[in-house]
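Read the structure below first, then the notes.
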Amino acid sequence: MTVSSQRRSISIPDLRSTIHGQVIAPGDPDYDASRNAMSGEFDRHPAVIVRVADTDDVITTVAAARESGLELAVRSGGHSGAGHSTTEGGILLDLAGLNTLDIDPATRTAWAGSGLTAGEITAATAEHGLAVPFGDTGSVGIGGLTTGGGIGYLIRKYGMTIDSLLAAELVTADGQVLRVDEQNHPDLFWAIRGGGGNFGIATRFQYRLRELPGIVGGMLVLPATPDTIAGFIAAAEAAPEELSGIANVMPAPPMPFLPEEVHGTLVIFSQLAYAGNDADAGQRALAPFRTLATPLADLMRPMSYPELFPPEDDSYHPTAVAKILFLDRVDRGVAETILEHLNASDAPMRVAQLRVLGGAMARIPSDATAFAHRRSRIMAALAAFYEGPEDRVQKQAWLDRFYEAMRQDDPGAYVNFVNDEGPERVRAAYPGATWDRLAEIKGRYDPENLFHVNHNIPPSS
């Protein structure tokens with residue numbers, strides 16, 4: 001069987017004879033389930049899906065893409081909001097089979113296969129009172145999360161995911177397998193800490209593990225008013241660095257612990273995490289948030305870190321439009337803008353997600369890694385769910401107005417939250433000298449731009 005696309009072809013029998021993992025072609029029983037990404041926006045049909053079992057399979061698949069000319073997409077967990085973890089008519093390289101995890105509690109390090117999810121590693125390391133500062137969703141694959149930066153519940157205490165990255169094993173466009181760290185290919189190590197999948201396919205990551213026997217925190221739901229939103233951000237900025245969190249200004253979902261009369265009204269649906277050893281200090285750090293208003297729900301308590309990551313529904317494939325931006329401030333006027341735009345939408349789910357940054361993340365020099373926004377103060381993600389093409393147009397127009405109303409003086413973007421928004425938004429993620437350095441490194445390691453199904457950085461000549 002030979003599969004062709006745009007006059008390019010690949011032999012499925014040849015692949016199956018060399019791949020140790022699984023080769024899935026159109027018509028196979030598990031093809032449709034295997035091609036689906038997390039987002040329901042993308043209904044794409046790869047010419048072949050290669051679920052690799054080892055590094056040799058990655059090398060073979062990269063060679064097949066190079067020789068056939070078919071587009072190569074790489075999937076770690078499938079959460080790309082831009083659709084980069086799938087392809088129409090190309091080769092989808094699925095890393096899920098690279099799921100070995102070797103934890104060394106004595107040295108507080110771990111080697112993790114890039115097919116693992118953040119939740120799987122978080123659960124395993126928690127058994128030793130340790131953690132990697134990943135994001136806020138357990139089902140996200142560590143490949144894209146790590147190479148894009150990694151912003152989550154430990155951002156102020158331990159920094160980004162890339163700030164705990166010690167090394168990676170990388171398959172390059174010409175099929176080499178490189179150990180990449182501060183001593184070996186340091187330019188490439190700099191680039192993969194924020195530069196995404198432009199430079200190769202990471203098969204393993206080595207992380208420094210951080211001490212985290214538990215947290216004090218969890219869910220706190222407050223009524224959303226200009227004062228509570230501005231007050232929440234002020235409290236988060238004034239909090240000790242052990243405290244990080246997420247505030248989602250959104251309609252209250254019909255959850256059983258929320259009063260029925262608030263269902264559908266705008267609330268601050270927050271998750272807070274105090275990453276310190278003193279539970280009393282944690283409760284003191286959380287107290288200012290509880291006094292902003294009478295909580296609609298207060299589920300904060302001492303807990304294990306994995307409890308912040310509830311089980312997820314793998315069959316859930318939402319369709320949504322979204323944009324990311326950095327803010328210098330969220331005062332009462334900005335809070336009023338948030339509420340005005342959320343009230344102007346009829347989307348059953350729309351959200352302004354706010355995260356106060358700083359702390360450990362901000363102490364690292366901006367040019368130390370390819371993530372260049374160390375001094376950004378607040379990250380905001382704006383989003384709305386939609387149903388069908390016509391509704392998407394309406395929700396996108398609403399989102400664009402919301403985004404323009406929220407823009408301030410920080411023009412940057414966090415690449416892991418940038419959707420399919422064009423090259424200008426990719427440049428916003430990599431300003432000035434960062435872009436130039438990445439393009440030069442790309443030109444040395446991937447001059448033909450084989451790895452282009454990403455927020456692409458074209459190689460400089």
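- With contacts defined as side-chain heavy-atom distances shorter than 4.5 Å, the pair Met303/Ile215 qualifies.
- For the residue pair Thr55/Glu169, the side-chain donor-acceptor check at 3.5 Å is satisfied.
- Looking at His317, its side chain does come within 3.5 Å of a backbone N or O of Met38 through a donor-acceptor pair.
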Quiz prompt | side chain to side chain donor-acceptor pair (under 3.5 Å) between Asp174 and Gln176, worked out | solution = CA-CA 6 Å; Asp174 60 0; Gln176 294 187 73; 2.9 Å; yes
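- Counting only heavy atoms from C-beta outward, the side chains of Leu325 and Tyr403 approach each other to under 4.5 Å.
- Look at Arg363 and Glu241 and you find a salt bridge, because one of the NZ, NE, NH1 or NH2 atoms lies within 4.0 Å of a carboxylate O, short of that distance.
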Exercise. Go through the steps to decide whether Gln22 and Asp30 satisfy the test side chain to side chain donor-acceptor pair (under 3.5 Å), and finish with yes or no.
Key: CA-CA 11 Å; Gln22 188 178 9; Asp30 49 355; 2.9 Å; yes
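- A distance of 9.5 Å separates OG1 of Thr147 from CG of Leu165, quoted to the nearest 0.5 Å.
- The local environment of CD in Glu387 is sparse, with at most 12 non-hydrogen atoms from other residues, nucleotides or ligands closer than 6.0 Å.
- For the pair Glu120 (side chain) and Thr117 (backbone), a donor-acceptor distance under 3.5 Å is present.
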Exercise. May I have the step-by-step check of salt bridge (Lys or Arg N to Asp or Glu O under 4.0 Å) for Glu41 and Arg392, ending in yes or no?
Key: CA-CA 10 Å; Glu41 282 218 274; Arg392 189 190 196 284; 2.8 Å; yes
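- A pairwise comparison of heavy atoms in Asn416 and Gly150 identifies ND2-N, 4.0 Å as the closest pair.
- The cationic group of Lys395 does not satisfy the cation-pi geometry with Tyr386, failing either the under 6.0 Å distance to the six-membered ring centre or the 45° limit from the ring axis.
- Under the 3.5 Å distance criterion, the side-chain polar atoms of Arg350 are left unmatched by any main-chain donor or acceptor of Met250.
- Between the side chain of Asn419 and the backbone N or O of Glu421 there is no donor-acceptor pair closer than 3.5 Å.
- In this structure, Glu404 places its CD atom where more than 12 heavy-atom neighbours from other residues, nucleotides or ligands lie under 6.0 Å away.
- Without hydrogens or angle criteria, Asp28 side chain to Ala25 main chain gives a donor-acceptor distance under 3.5 Å.
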Exercise. Start with the C-alpha gap between Asp32 and Arg44, add the side-chain angles, then the distance that decides, and say whether salt bridge (Lys or Arg N to Asp or Glu O under 4.0 Å) holds.
Key: CA-CA 10 Å; Asp32 281 330; Arg44 295 176 181 166; over 6 Å; no
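- Remark: the backbone N or O of Gly21 is paired with a side-chain donor or acceptor of Asp57 at under 3.5 angstrom.
- Note on ring orientation: taking the six-membered ring where Trp is involved, the planes of His455 and His84 are perpendicular (angle over 60°, cut-offs 30° and 60°).
- Ring geometry for Phe371 versus Tyr414: interplanar angle over 60°, hence perpendicular rather than tilted (30 to 60°).
- To the nearest 0.5 Å, atoms OG (Ser114) and CG (Leu95) are separated by 4.0 Å.
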Self-check item: Residues Arg374, Asp163; criterion salt bridge (Lys or Arg N to Asp or Glu O under 4.0 Å); working and verdict
Solution: CA-CA 11 Å; Arg374 298 284 181 172; Asp163 302 331; 2.8 Å; yes
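- Applying the 6.0 Å contact sphere to CZ of Arg407 captures no more than 12 heavy atoms from other residues, nucleotides or ligands.
- With a 4.5 Å cut-off on side-chain heavy atoms, Leu166 and Tyr207 do not count as touching.
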Practice problem: Could you go through the side chain to side chain contact (heavy atoms under 4.5 Å, CB included) check for Thr172 and Leu178 one step at a time? | Solution: CA-CA 8 Å; Thr172 58; Leu178 304 179; 3.6 Å; yes
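- In this structure, Trp398 contributes its side chain and His341 its backbone to a donor-acceptor pair below 3.5 Å.
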Exercise. Please lay out, stage by stage, how Val351 and Leu382 fare under the test side chain to side chain contact (heavy atoms under 4.5 Å, CB included).
Key: CA-CA 6 Å; Val351 62; Leu382 315 176; over 6 Å; no
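- Taking the six-membered ring for Trp, Tyr153 and Phe309 have ring centres closer than 6.0 Å.
- Residues Asp104 and Thr107 bring a donor and an acceptor atom of their side chains to less than 3.5 Å of each other.
- Residues Leu212 and Lys157 have side chains not in contact (no heavy-atom distance under 4.5 Å, counting atoms from C-beta outward).
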Practice problem: Starting from the C-alpha separation in whole Å, work towards a yes-or-no answer on side chain to side chain donor-acceptor pair (under 3.5 Å) for Ser139 and Thr137. | Solution: CA-CA 6 Å; Ser139 59; Thr137 304; over 6 Å; no
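- Proximity of a side-chain donor or acceptor of Thr18 to a complementary backbone N or O of Asp14 within less than 3.5 Å is detected.
- Between Lys323 and Asp400, at least one side-chain nitrogen of the basic residue sits less than 4.0 Å from a carboxylate oxygen of the acidic one, meeting the salt-bridge criterion.
- Side-chain N/O atoms of Asn198 and Asp446 include no donor and acceptor closer than 3.5 Å.
- Defined by atom type and a distance below 3.5 Å, a donor-acceptor pair is present between the side-chain atoms of Glu71 and Thr87.
- In summary, the aromatic rings of Phe451 and Phe199 are positioned with their centroids too far apart to meet the 6.0 Å limit.
- The backbone N or O of Leu130 sits less than 3.5 Å from a side-chain atom of Thr125, completing a donor-acceptor pair.
- Using a 4.5 Å cut-off on side-chain heavy atoms (C-beta onward), Met349 and Pro251 make contact.
- A side-chain donor-acceptor contact under 3.5 Å links Ser34 and Arg51.
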Exercise. Under the side chain to side chain contact (heavy atoms under 4.5 Å, CB included) rule, what do Trp190 and Ile441 come out as? Steps first, then yes or no, please.
Key: CA-CA 10 Å; Trp190 176 87; Ile441 296 170; 3.8 Å; yes
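- To the nearest 0.5 angstrom, Met219 atom CE is 5.0 Å from Gln271 atom CD.
- With a 4.5 Å cut-off on side-chain heavy atoms, Leu450 and Val62 count as touching.
- When side chains are defined from C-beta on, Leu299 does not count as touching Leu220, because their heavy atoms never get closer than 4.5 Å.
- A donor-acceptor pair under 3.5 Å is formed between the side chain of Tyr158 and the backbone N or O of Glu211.
- Of the N and O atoms on the side chains of Ser164 and Arg210, at least one donor lies less than 3.5 Å from an acceptor on the other residue.
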Exercise. Might you work through the salt bridge (Lys or Arg N to Asp or Glu O under 4.0 Å) test for Arg444 and Asp187, ending with a clear yes or no?
Key: CA-CA 10 Å; Arg444 284 190 280 122; Asp187 55 344; 2.6 Å; yes
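- Of the charged side-chain nitrogens involved, at least one lies within less than 4.0 Å of a carboxylate oxygen, so that Asp181 and Arg179 count as a salt-bridged pair.
- A 4.5 Å side-chain heavy-atom check between Leu72 and Val453 finds every atom pair outside the cut-off.
- To the nearest 0.5 Å, the span separating OH on Tyr430 from CG on Leu438 amounts to 6.5 Å.
- Under a 4.0 Å N-O distance rule, the pair Asp410/Arg375 does not qualify as a salt bridge.
- In this structure, NE2 on His373 lies 11.0 Å from CG on Leu357, to the nearest 0.5 angstrom.
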Quiz item: So Arg355 and Asp136, side chain to side chain contact (heavy atoms under 4.5 Å, CB included) or not? Walk me through it.
Solution: CA-CA 11 Å; Arg355 308 176 192 228; Asp136 57 81; 2.6 Å; yes
